[in-house]
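To keep things clear, I will list the structure first and then write my remarks on it.
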Amino acid sequence: MEFKDRKTLPVSKSGNDDDRRNVSSPMTRTGVYAAVSYMACAVLLIMFNKAALSSYKFPCANVITLFQMICSSILLYALRCRKIISFKSDSEIPSTKNIPGIFIPSNTLIRTLPLAISYLLYMLVSMESVRGVSVPMYTTLRRTTVAFTMIVEYVLARQKYSIYVIGSVGIIILGAFVAGARDLSFDSYAYTIVFSANICTAIYLASIARIGKSSGLNSFGLMWCNGLICTPILLLWTWACGDLQLTANFSYLSSPGFQVVMLFSCVMAFLLNYAVFLNTTLNSAVTQTICGNLKDLFTIGLGWLLFGGLPFDLLNVVGQSLGFLGSCTYAFCKIKGL
């Protein structure tokens, strides 16, 4: 049997669903590594994307996403062809009725459609939510995603959390509003779009955990299906929006510096996507969201050191500190199984 003697990638087992819904299990060492890897990859990816979009003034964020997805799919295909990786969490699952050159059955690909659709909605709505919204207000509202994620997990899987976890999430949300207190001017359209992005993010993360267990695919397999479905759609989208033409006429396109930045951006995006799938599957969608909040602190610090331009604001510092405290409290609760 193919991959029989190979060590499979770490993915969570379904176990007893009733126990998982009502008892918060402690985070394993592998889960801790997955969470830390995600935060490290996320911070580095933001720095490379920031360099491409700000330092080189590349005008098309969607094209960067397209390049990242194409590179990710090519790398996954090459690794799978050389049998370095498998797309299935169980090496004993038969490989019958696979689509030629796709390595997975057609019904499995169809089963991952909700994941791909939720990812596209998450990506498009998130981009729209940035338009017309100041950075402080955007950051504040986006950090409430963790609350939406907890609600979605409860609706989809009846997942319950302890009072300690709920309290730590409350501290994070409080810190977000303190940090953005100076810029919370109400804008009904902006609030609607940002909260829609929060809902899409929550559904996307919850879909990773559920579809990963039901499809029999590991993190690489989920990434592969996501790329197969989303890449053609995003290619058509960038072509229709004229982003491909803008990219072809970009003055720094042949610059070695820009090409190196884009290369590292694509590599880090591949590692980040794997870390997101692995972290969400091994831990939970809420843990993934908390890690996203926690890495913001490191992103702000590193961005200030590399790019500057961040004015001192006491409320922002207090809010960031509260968010960091809440994230650390959540991590302690997960490690101890509270």
Side-chain angles (χ1 to χ4, degrees), residues 1-3 6 8-18 20-21 34 65 68-70 72-77 79-81 83 85-125 149 152-159 199-237 270 272-289:
M1 182 69 65
E2 191 176 14
F3 296 104
R6 292 186 179 274
T8 57
L9 291 166
V11 293
S12 63
K13 306 297 182 182
S14 57
N16 187 308
D17 289 338
D18 292 334
R20 290 175 64 87
R21 289 171 187 167
T65 304
Q68 292 169 347
M69 296 191 73
I70 291 174
S72 177
S73 298
I74 292 174
L75 185 56
L76 286 170
Y77 183 83
L79 292 174
R80 178 59 181 79
C81 285
K83 300 182 180 179
I85 63 172
S86 171
F87 289 155
K88 296 173 182 177
S89 58
D90 188 348
S91 60
E92 298 301 323
I93 296 177
S95 299
T96 57
K97 298 182 181 179
N98 283 359
I99 303 175
I102 303 300
F103 306 116
I104 56 173
S106 57
N107 61 334
T108 301
L109 184 63
I110 293 173
R111 189 177 299 175
T112 61
L113 271 173
L115 177 64
I117 292 173
S118 64
Y119 173 75
L120 282 175
L121 288 174
Y122 147 74
M123 183 174 59
L124 295 176
V125 176
T149 305
V152 169
E153 282 203 318
Y154 178 77
V155 171
L156 295 180
R158 290 297 184 266
Q159 175 69 54
I199 295 173
C200 291
T201 304
I203 294 174
Y204 171 60
L205 294 177
S207 298
I208 292 175
R210 291 177 61 81
I211 293 176
K213 295 167 188 174
S214 64
S215 65
L217 298 174
N218 60 23
S219 301
F220 284 130
L222 293 173
M223 289 171 60
W224 174 246
C225 292
N226 218 28
L228 288 177
I229 297 171
C230 294
T231 301
I233 298 175
L234 188 57
L235 179 62
L236 289 175
W237 178 269
F270 172 81
L272 176 65
N273 284 330
Y274 175 65
V276 168
F277 282 109
L278 189 62
N279 188 30
T280 305
T281 308
L282 285 174
N283 298 312
S284 71
V286 172
T287 300
Q288 169 61 31
T289 309

Closest non-hydrogen contact found for Pro232 with Gly227 is CD-O, 4.0 Å
Rounding to 0.5 Å, atoms OG1 (Thr108) and CG (Leu113) come to a distance of 11.5 Å
When rounded to the nearest 0.5 Å, the distance separating CE of Met223 from CG of Asn218 is 10.0 Å
Parallel, tilted or perpendicular, as decided by the 30° and 60° cut-offs, for the rings of Tyr204 and Tyr119:
tilted
For Cys230 and Met69 the tightest heavy-atom approach is CB-CE, 3.2 Å
Set out, in order, the CA-CA distance, both residues' side-chain angles and the distance that settles side chain to side chain contact (heavy atoms under 4.5 Å, CB included) for Ile104 and Cys225, then state yes or no. CA-CA 9 Å; Ile104 56 173; Cys225 292; 3.1 Å; yes
Side-chain heavy-atom pair Pro114, Ile211 within 4.5 angstrom cut-off: yes
Residues Thr112 and Leu217: closest non-hydrogen pair is CG2-CD1, 3.9 Å
- Query: Within a strict 4.5 Å, meaning less than it, do heavy atoms of the Thr231 and Ile70 side chains meet?
  - Reply: yes
Test ring pair (Phe, Tyr, Trp, His ring centres under 6.0 Å), reference Phe220, set Phe87, Phe277, Tyr274, output is Tyr274
The side chain to side chain contact (heavy atoms under 4.5 Å, CB included) partner of Trp224 among Leu79, Ile85, Ile102, Ile229 is Ile102
Between Phe103 and Tyr77, does the ring centroid distance fall short of 6.0 Å? yes
dist Ile117:CD1 -> Ile233:CD1 (nearest 0.5 Å) comes out at 7.5 Å
Distance col, row Cys200:SG vs Leu120:CG, nearest 0.5 angstrom, shows 10.5 Å
Output for pair (Ser118 OG, Leu205 CG), nearest 0.5 Å, gives 8.5 Å
Q | Donor-acceptor pair, side chain of Ser72 and main chain of Gln68, under 3.5 angstrom | A | no
To the nearest 0.5 Å, atom OG of Ser219 lies from atom CG of Leu278 at 4.5 Å
